[in-house]
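These numbers were taken from a predicted model, which means no experiment stands behind them. Every chain is numbered from 1, with letters handed out A, B, ... down the list of sequences.
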Amino acid sequence: DAKTTQPPSMDCAEGRAANLPCNHSTISGNEYVYWYRQIHSQGPQYIIHGLKNNETNEMASLIITEDRKSSTLILPHATLRDTAVYYCIVTGSGLTFGKGTHLIIQP
Amino acid sequence: GAVVSQHPSWVICKSGTSVKIECRSLDFQATTMFWYRQFPKQSLMLMATSNEGSKATYEQGVEKDKFLINHASLTLSTLTVTSAHPEDSSFYICSASVEVLTEAFFGQGTRLTVV
């Protein structure tokens, strides 16, 4: 699976859009980009995934660059409950978790 | 999303005993189930991947005789920690997916404390 790089932490004001970047420059053609988040002491929660087209669901939007070497997860209107560790995972098979980004939503 | 139920949520056991953790997919049939372990302030570490009806594939460094995985049906996988020791104390999490390339849904985790 391709390696991903995420900032260790980010702050965002409540009500604002939270944009979480992820670099995956070694991604191969058949690998998907997945995003999960983990709230303290709970199991990870699936957010969204994509291959090359931008994706949107009720939780978030996923923007993948044309060369697929990076992506951005967008939470359009962050709330305090969105405070969590967000994991960007690139895989063609199982999920391997890196260190993720600890997103802190500030009131 | 689909629901994966893990039981128990927490367990305390004595050193040397065995503990079984169950992972059930409640509203879908899971071809593949994954078991992870997470130590405090660390990320999830994949322990093993299991497909229904076949032997689990363990990650390097994970003792298959110590962490017994059974995936006897499309809705149930179990992880048994045998002869548990204090260093096995951790947060164990399972996930299930219909196929390998579809999204995986996670259980709520089991906090194991070995005393």
Evaluate the criterion side chain to side chain contact (heavy atoms under 4.5 Å, CB included) for residue pair B:R111 and A:S41; output intermediate values, then yes/no. CA-CA 9 Å; B:R111 187 158 303 281; A:S41 294; 3.7 Å; yes
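- Taken together through direct or relayed side-chain contacts under 4.5 Å among Ile, Leu, Val, Met, Phe, Trp and Tyr, B:F67 and B:V19 form part of one hydrophobic cluster.
- Residue B:Y58 is grouped with residue B:Y92 when hydrophobic side chains (ILVMFWY) are merged at heavy-atom distances under 4.5 angstrom, including chains of intermediate members.
- A:M59 CE: more than 12 foreign heavy atoms inside a 6.0 Å radius.
- Residue B:S43 comes nearest to A:Y87 through the heavy atom pair OG-CE2, 3.4 Å, listed as atom of the first residue, atom of the second, then distance.
- Summarising the local packing, NZ of B:K66 is surrounded by more than 12 heavy atoms from other residues, nucleotides or ligands at distances under 6.0 Å.
- B:M33 and B:Y36 fall into different hydrophobic clusters, where Ile, Leu, Val, Met, Phe, Trp and Tyr are joined by side-chain heavy atoms under 4.5 Å apart, directly or via other members.
- Heavy-atom distances place the side chain of B:I93, and not its backbone, under 4.5 Å from chain A.
- Across all non-hydrogen atoms, the minimal contact from A:Q42 to B:F91 is O-CE2, 3.8 Å.
- Note that CG of B:L46 is 6.0 Å distant from OG1 of A:T96, once rounded to the nearest 0.5 Å.
- Only the side chain of B:Q38 comes within contact range of chain A, with heavy atoms under 4.5 Å apart.
- Side chain of A:Y46 to main chain of B:F106: no donor-acceptor pair is present (N/O by atom type, distance under 3.5 Å, no hydrogens or angles).
- We find the NZ-NE2 distance between B:K41 and A:H102 to be 11.0 Å, quoted to the nearest 0.5 Å.
- In the hydrophobic cluster analysis, where Ile, Leu, Val, Met, Phe, Trp and Tyr join through side-chain heavy atoms closer than 4.5 angstrom, B:I69 is grouped together with B:V62.
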